[in-house]
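Structure first, commentary second.
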Amino acid sequence: MSEIKYWLMKSEPDTYPLEQLKKEKKSLWDGVRNYQARNFMKEMNVGDQILFYHSNAKPPGVVGLAQVSKKAVPDPTQFKKNSKYFDPKSTQEKPRWECVEVKYKKTFKNMLSLNEVKEMKSLADMPLVNRSRLSVQPVSKKQFDIIVKHCES
DNA sequence: GCCAACGTTGGC
DNA sequence: GCCAACGTTGGC
């Protein structure tokens, strides 16, 4: 099988905070409507590690860990007419959007704010810093380890 | 709430 | 295939 990969996924605390994933244990990561983000989710395998990031928060930053619990499946919200994620151009035969299921792992003792990420040279080339609008992005093992170490010590 | 950056849509 | 118009993201 393939190696474990590392990712960062964003969520707004007003919409879906980490605490809610903790309560629900698992959740479909639905509602992503960006092709690049979708393509990354299609690359994910069960067991891949996820940095959970709170965007539009005060302050924004990495707050915890999740992990992929199911490979990508068609996002059910794209077919629901009354959903804000409904996509009229998507069909059951040819769904446009997919999403993975993620499982709660932990909430960090110390979050790592975006400010701190920007200050750390070793994290300077993260998409988070220079591709700020990408909501699902790959993270190198090195970066992942640096962040986890910072947040747990 | 503002606005810069960026992605998508649709007319041509 | 270009590009203007428009919509969204997300930091501040």
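In what follows, every chain begins at residue 1, and chains take the letters A, B, ... in the order their sequences are listed.
A/S27 places no side-chain N or O within donor-acceptor distance of the main-chain N or O of A/L21, the cut-off being under 3.5 Å. In this structure a side-chain-to-backbone donor-acceptor pair under 3.5 Å is missing from A/K26 to A/K70. Within the 3.5 Å criterion, the main-chain N or O of A/L134 finds no donor-acceptor partner in the side chain of A/Q36.
Each of A/Q36 and A/N56 was assigned the nucleotide of DNA chain B with the nearest heavy atom; the assignment lying further toward the 5' end belongs to A/N56. Of the two residues contacting DNA chain B, namely A/N130 and A/R96, the nearest-nucleotide position lying further toward the 5' end is that of A/N130. Comparing A/N115 and A/R133 along DNA chain C, the residue whose closest nucleotide (by nearest heavy atom) sits nearer the 5' end is A/R133.
Atom CG of A/D14 and atom P of B/dG1 are 13 Å apart (whole Å). When rounded to the nearest whole Å, the span between CZ of A/R38 and C1' of B/dG7 equals 14 Å. Rounded to a whole Å, the CG atom of A/L128 is 16 Å from the C1' atom of B/dC6. As rounded to whole Å, 13 Å separates atom P of C/dT8 from atom CD of A/E12. As a whole-Å value, the separation of A/Y35 OH from C/dT8 C1' is 15 Å. Distance A/L134 CG to C/dT8 C1': 14 Å, rounded to the nearest Å.
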Problem set entry | Evaluation steps, side-chain contact (heavy atoms from CB on, under 4.5 Å), between A/M41 and A/E98 | CA-CA 7 Å; A/M41 283 202 284; A/E98 305 202 16; over 6 Å; no

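Distance from the side chain of A/R131 is smallest to B/dG7 among B/dT9, B/dG7, C/dG10.
Ring pair A/Y35/A/W97: centre-to-centre distance below 6.0 Å.
For A/K10, no side-chain nitrogen or oxygen approaches OP1 or OP2 of C/dT9 to under 4.0 Å. For A/K89, a side-chain nitrogen or oxygen approaches OP1 or OP2 of B/dG10 to under 4.0 Å. At least one side-chain nitrogen or oxygen of A/Y53 sits closer than 4.0 Å to the OP1 or OP2 atom of C/dG11.
At a threshold of 4.0 angstrom between heavy atoms, the contacts of A/K58 with the nucleic acid are absent. Using a 4.0 Å heavy-atom distance criterion, A/R33 is classed as making no nucleic acid contact.
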